[in-house]
Protein chains: 2
Amino acid sequence: MNFQQRKNKILAQLASRGEVDTRELALALDISEITIRRDLNRLSDEGQLYRTHGGAIPVDQPPLPFQFTHKATANQSAKDNICRKAAATINDGDIIFMDCGSTVFRLCQFIKNRKIKVITNSMPVIQALQNTTVSLNIIGGEYDAARQAIHGSMAIEHIARYQAHKAFIGVDGLSAKGLFAHSEKEADMALALAHHSHTTYLLCDASKINKPSYLHFAPLETVQTIITDAAPDQLQYCKKKGVKVITV
Amino acid sequence: MNFQQRKNKILAQLASRGEVDTRELALALDISEITIRRDLNRLSDEGQLYRTHGGAIPVDQPPLPFQFTHKATANQSAKDNICRKAAATINDGDIIFMDCGSTVFRLCQFIKNRKIKVITNSMPVIQALQNTTVSLNIIGGEYDAARQAIHGSMAIEHIARYQAHKAFIGVDGLSAKGLFAHSEKEADMALALAHHSHTTYLLCDASKINKPSYLHFAPLETVQTIITDAAPDQLQYCKKKGVKVITV
DNA sequence: TCAAAAACGATCAAAAACGATCAATTTATA
DNA sequence: TATAAATTGATCGTTTTTGATCGTTTTTGA
């Protein structure tokens, strides 16, 4: 019974019972308490658990540093359906842009075994796609911790050096007037991505449809296709402007 | 019973039982423990299993994202001492470059409460410094998953747009001939960082001193200061070339 | 607030695992 | 067959892991 095995058992019990106790563990694993304490301290250093007097409790933090922990659960299945359709439009060999929204992030799971090149400013995307068959290009510039993404003029310049087949972007709101973002930074990024790709796809769940938001930054025609779970009749104005709508 | 046969048996047992034990394997395969240990180390190098004290366990999911999980334990205290000194040279308001080595990474812990700007191509560094008082700038370009860092010509161009007060770089080897790297990518990055900073610091633990390595890429004078735990008499040639040596 | 009990970590010692080194053996190659 | 190269095993000093002791810190409850 070495450390690795004990580690597994300790973490397993922590996950199932929500707590561990030094004495119980020592008894259960047939090993001295001092060793258990050393194990717990070590795991605490590794950030695997939170040490208490007498044992340990789970870390409530997300184990993965870059994640959409909160947003990821909202409208998850709708977003997944949207992203499944989006992934179906991608061909092997494509070069695609992905922006830093939570919707676009969920595209990762559907493309991780594809042979494509992804250019992105989103840390969660980078993490999700590292060590996959996807080739990654990271947009450089100033890092915005709140958005877990890279923004700024260097980022815009970086994008301008590339040309992609497809761009996948998200927005904060959408109406007949056009696209809305909740920051200038994100608006600038979305525009740059759209301008340097052949086709721009807007991934947008129903909760954002016909919800003008903070900043109106682009006309609807900036994108070529909208993929959404909203009812088609909510987006009739798109047809008039030549924007294709795919409903999931 | 050659290595290939043993490899199959070891991996088979690992898959079925979830663990292997050096002594048991030696007994079961009728071969000495030292050979088993050599096998396990070799398979560990190949990434087929994860070595533990006394045996091995399967490699499960990709380990923790963006961490120097394996290297981080090697020479850790020496590296920490080096980085403590390095951090002492940094002033509030400084703009610094950090490269993607495991030594330089350990600098993070000492600067995370400083008011400085860090420009880096290293994912572990970005992760360690996000949500701290440090302002982050990420070097853009093609992502190299093996090194957890960004390399390539875009990265070099990105660096050229900035000018930093200090650059902190690591190398794979160091001798009177100069600096050695284990890839051209890392060499190019180190040179670019050095050229666009006022002062370049080489962080280098004793294990790399006077160890010419794969690629000789720059003369010693490329850096202005070496911070190391090696004995000063091992680096007497530095003085002649005007390179300052700080010993921890 | 104070005292007893529990948990804790520093220190030391023993056991196990380990790797460097060198010799013996096997395998490959000329 | 002779030679070189690779593999394997034995020895031995080193490192890692583990447990016991004991003084200190934290918790608990009167």
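Below, all heavy atoms of this structure are taken into account, side chains as well, without hydrogens, waters or symmetry copies. Residue numbers begin at 1 in each chain, while the letters A, B, ... track the order of the sequences.
- Atom CG in A/Asn41 sits roughly 9 Å away from atom C1' in C/dG9 (whole-Å rounding).
- What separates CD of A/Gln4 from P of C/dA17 is a distance of 16 Å, to the nearest Å.
- Between B/Asp94 and B/Lys117 no salt bridge is recorded (no basic side-chain N to carboxylate O distance below 4.0 Å).
- Each of B/Asn210, B/Thr228, B/Leu235 was evaluated against B/Leu174; a single residue qualifies, B/Leu235, per the side chain to side chain contact (heavy atoms under 4.5 Å, CB included) test.
- With salt bridges taken as basic N to acidic carboxylate O contacts below 4.0 Å, none links A/Asp39 and A/Lys7.
- Atom OG of residue B/Ser197 and atom CD1 of residue B/Ile95 lie 11.5 Å apart, to the nearest 0.5 angstrom.
- Here the straight-line distance linking atom NE2 of B/His158 with atom OG of B/Ser153 works out to 13.5 Å at 0.5 Å rounding.
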Under a 3.5 Å cutoff on both atom distances, Watson-Crick or G-U, what's the dot-bracket for DNA chain D ([ ] crossing, | other strand)? ||||||||||||||||||||||||||||||
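- With contacts defined as side-chain heavy-atom distances shorter than 4.5 Å, the pair B/Lys115/B/Asp92 qualifies.
- A side chain to side chain contact (heavy atoms under 4.5 Å, CB included) with A/Tyr143 holds for exactly one of B/Ile138, B/Thr120, B/Asn137; it is B/Ile138.
- Atom C1' of nucleotide C/dA17 and atom CG of B/Asp21 are separated by 10 Å, given to the nearest angstrom.
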Base contacts versus sugar-phosphate-only contacts with protein, heavy atoms under 4.0 Å: please encode nucleotides 18-30 of chain D as B, S and - from 5' to 3'. BB------SS---
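- The CD-P distance, from B/Gln5 to D/dT8, rounds to 10 Å in whole Å.
- In summary, the aromatic rings of B/His182 and B/Tyr214 are positioned with their centroids too far apart to meet the 6.0 Å limit.
- The CZ atom of A/Arg42 sits 18 Å away from the P atom of C/dC8 (whole-angstrom rounding).
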